[in-house]
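Labels below follow one simple rule: chain letters A, B, ... track the order of the sequence lines, proteins then strands, and each chain is numbered from 1. Worth knowing before you read on, the calculation uses all heavy atoms, side chains too, and leaves out hydrogens, waters and symmetry mates.
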Amino acid sequence: MKLPLDFYLRRNVVTIAKQLLGKGLFTKIDGQITGGMIVETEAYSYKEKGCHAHNGMTKRNEIMFADGGVAYVYLCYGIHHLFNVVTNNKDIPHAILVRALEPLKGIEGMLLRTNKEKLDFSLTKGPGNVSKALGIQTKHTGISLLSKELYIADDGTNYTNKQIVASPRIGVDYAGKDAELKYRFYIKGNLYVSGKSK
DNA sequence: CGACCGATCGTCT
DNA sequence: GACGATCGGTCGA
């Protein structure tokens, strides 16, 4: 079952970021489904400096100002396509960066996209790797998360606060004080969470 | 291990 | 013209 639109339209981006843990993120490209379970997310709100939309709308972040339930994909460092979930209602730019998955489906296809020989933790660990493995690119910006090509599924898995770790976000030093916000969430002990042993 | 570095380009100032 | 919501490799201790 795909997550319903209502899921994304709620106000509290932190709540949604936590609830996305355990959900399935999949793409269907050229008839092949690839994807896995979300194990790590980061919340971004226009109210804090870490967020691309903090200083208002630009060409790049325009889609964050749309109603939730769509994808925001942008190019980072000229190399990596980073995938975000847009949440909240029109004109209230919130987004959730998906930082890591546990591979579930189409592993062969994901290995091909990433030029890997066999499955290891690096396949879908880290936001750049997630997008590469699933074939997500900036052209997918604006696509509905209930679409056929790109969607988030709910198999009923929910994690409790006890199983979720909150920590500061990665790579947002430029946000000053807001870099300290514990807006990064991951499933405790999951081996695909970024930043641990390779 | 940790620190550093190169790749690579669209976006914003 | 500078700089990333990154990654993987290399180098030195």
Side-chain angles (χ1 to χ4, degrees), chain A residues 8 13-14 16-18 20-21 25 36 38-66 68 70-88 92-103 110-143 145 150 152 164-187 191-198:
Chain A
Y8 304 102
V13 68
V14 166
I16 303 174
K18 286 199 256 186
L20 276 179
L21 297 175
L25 171 64
I38 298 171
V39 300
E40 181 180 359
T41 60
E42 281 181 4
Y44 290 86
S45 159
Y46 70 96
K47 292 179 191 163
E48 44 86 15
K49 295 198 194 76
C51 182
H52 286 165
H54 182 66
N55 293 314
M57 191 187 289
T58 65
K59 189 176 176 184
R60 179 177 66 162
N61 68 25
E62 186 180 10
I63 196 64
M64 289 178 70
F65 290 78
V70 296
Y72 168 43
V73 186
Y74 76 97
L75 188 64
C76 184
Y77 294 99
I79 303 173
H80 304 289
H81 300 258
L82 301 203
F83 168 75
N84 295 253
V85 173
V86 176
T87 68
N88 214 315
I92 307 176
H94 284 178
I96 299 165
L97 173 68
V98 175
R99 292 192 56 87
L101 303 180
E102 180 174 316
M110 294 195 281
L111 290 173
L112 275 178
R113 287 199 188 103
T114 53
N115 299 313
K116 291 179 193 294
E117 308 263 313
K118 58 179 173 55
L119 179 62
D120 68 9
F121 296 128
S122 73
L123 182 64
T124 51
K125 178 199 284 242
N129 290 333
V130 168
S131 298
K132 193 173 177 188
L134 301 214
I136 296 173
Q137 299 174 300
T138 53
K139 68 178 180 187
H140 294 111
T141 276
I143 197 173
L145 297 176
L150 176 60
I152 296 181
I164 297 173
V165 181
S167 81
R169 294 168 295 183
I170 308 285
V172 292
D173 298 342
Y174 61 85
K177 190 92 177 156
D178 290 332
E180 299 168 22
L181 291 167
K182 292 193 170 183
Y183 277 8
R184 171 178 177 240
F185 305 99
Y186 60 89
I187 298 173
L191 294 168
Y192 286 90
V193 171
S194 69
K196 292 187 183 171
S197 70
K198 301 184 178 180

Requested in this report: Taking atom OH of A:Tyr183 as the centre, report whether more than 12 heavy atoms of other residues, nucleotides or ligands fall under 6.0 Å from it.
Outcome: no
Rounding to an integer number of Å, can you tell me how far [X] [atom1] sits from [N] [atom2]?
X	N	atom1	atom2	answer
A:His54	C:dG4	NE2	P	15 Å
A:Tyr174	B:dC12	OH	C1'	14 Å
A:Ile170	C:dT6	CD1	P	8 Å
A:His81	C:dC7	NE2	C1'	14 Å
A:Ile136	C:dT6	CD1	P	16 Å
A:Met64	C:dA5	CE	P	12 Å
A:Lys116	C:dC7	NZ	P	11 Å
A:Ile63	C:dA5	CD1	P	19 Å

Query raised in the report: If the C1' atom of B:dG10 is compared with that of C:dG8, how far apart are they to the nearest Å?
Result: 23 Å
Query raised in the report: Closer than 4.0 Å, any side-chain N/O of A:Asn55 to the OP1 or OP2 of B:dT13?
Result: no
Requested in this report: Answer yes or no: does a side-chain N or O of A:Arg60 lie under 4.0 Å from OP1 or OP2 of C:dG4?
Outcome: no
Output the single nucleotide from [options] whose closest atom is nearest the side chain of [X].
X	options	result
A:Val172	C:dA5, B:dC12, C:dT6	C:dA5
A:Thr58	C:dA5, B:dT11, C:dC7	B:dT11
A:Pro127	C:dT6, C:dG8, B:dT11	C:dT6

Query raised in the report: How would you label the contact of A:Leu97 with the nucleic acid (heavy atoms, under 4.0 Å): base, sugar-phosphate, or nothing?
Result: base
Query raised in the report: Just checking A:Asn129: base, sugar-phosphate only, or nothing, at a heavy-atom cut-off of under 4.0 Å?
Result: sugar-phosphate
Report task. Please identify each residue that fulfils side chain to side chain contact (heavy atoms under 4.5 Å, CB included) with A:Ala95, with sequence neighbours left out. Result -> A:Met64, A:Asn84
Report task. Please list, chain by chain and in numerical order, all residues satisfying ring-ring contact (aromatic ring centres under 6.0 Å, His included) with A:Tyr192, sequence neighbours excluded. Result -> A:Phe121
Query raised in the report: A:Arg184: what forms a salt bridge (charged side-chain N to carboxylate O under 4.0 Å, His left out) with it, not counting sequence neighbours?
Result: A:Glu40
Query - With A:Glu102 via salt bridge (charged side-chain N to carboxylate O under 4.0 Å, His left out) - residues at least two apart - result: none
Report task. State whether the aromatic ring of A:Tyr44 stacks on the base of C:dA5, taking stacking to mean ring centres under 5.5 Å apart and ring planes under 30° to each other. Result -> yes
Requested in this report: Please report the C-alpha distance between A:Gln137 and A:Val73 in whole Å, then the side-chain angles of each, then the deciding distance to 0.1 Å, and finally whether the side-chain contact (heavy atoms from CB on, under 4.5 Å) criterion is met.
Outcome: CA-CA 7 Å; A:Gln137 299 174 300; A:Val73 186; 5.7 Å; no
Query - A:Lys18 side, atom NZ; A:Tyr186 side, atom OH - distance, nearest 0.5 Å - result: 14.0 Å
Requested in this report: Give, for atom OG1 of A:Thr41 and atom CG of A:Leu97, the distance between the pair rounded to the nearest 0.5 Å.
Outcome: 8.5 Å
Between the protein and nucleotides 7-9 of chain B, are there any N/O to N/O pairs under 3.5 Å, and if so, what are the atom names and distances?
unit_1 : atom_1 : unit_2  : atom_2 : d
B:dT8  : O2     : A:Tyr77 : O      : 2.3

Query - Each stem that DNA chain B is part of, given as range with range (3 or more consecutive Watson-Crick or G-U pairs, under 3.5 Å) - result: B:1-7 with C:6-12, B:9-12 with C:1-4
Requested in this report: Go through the steps to decide whether A:Val70 and A:Tyr8 satisfy the test side-chain contact (heavy atoms from CB on, under 4.5 Å), and finish with yes or no.
Outcome: CA-CA 9 Å; A:Val70 296; A:Tyr8 304 102; over 6 Å; no
Report task. Using the six-membered ring wherever Trp is involved, compare the ring planes of A:His94 and A:Tyr46 and label them parallel, tilted or perpendicular (cut-offs 30° and 60°). Result -> parallel
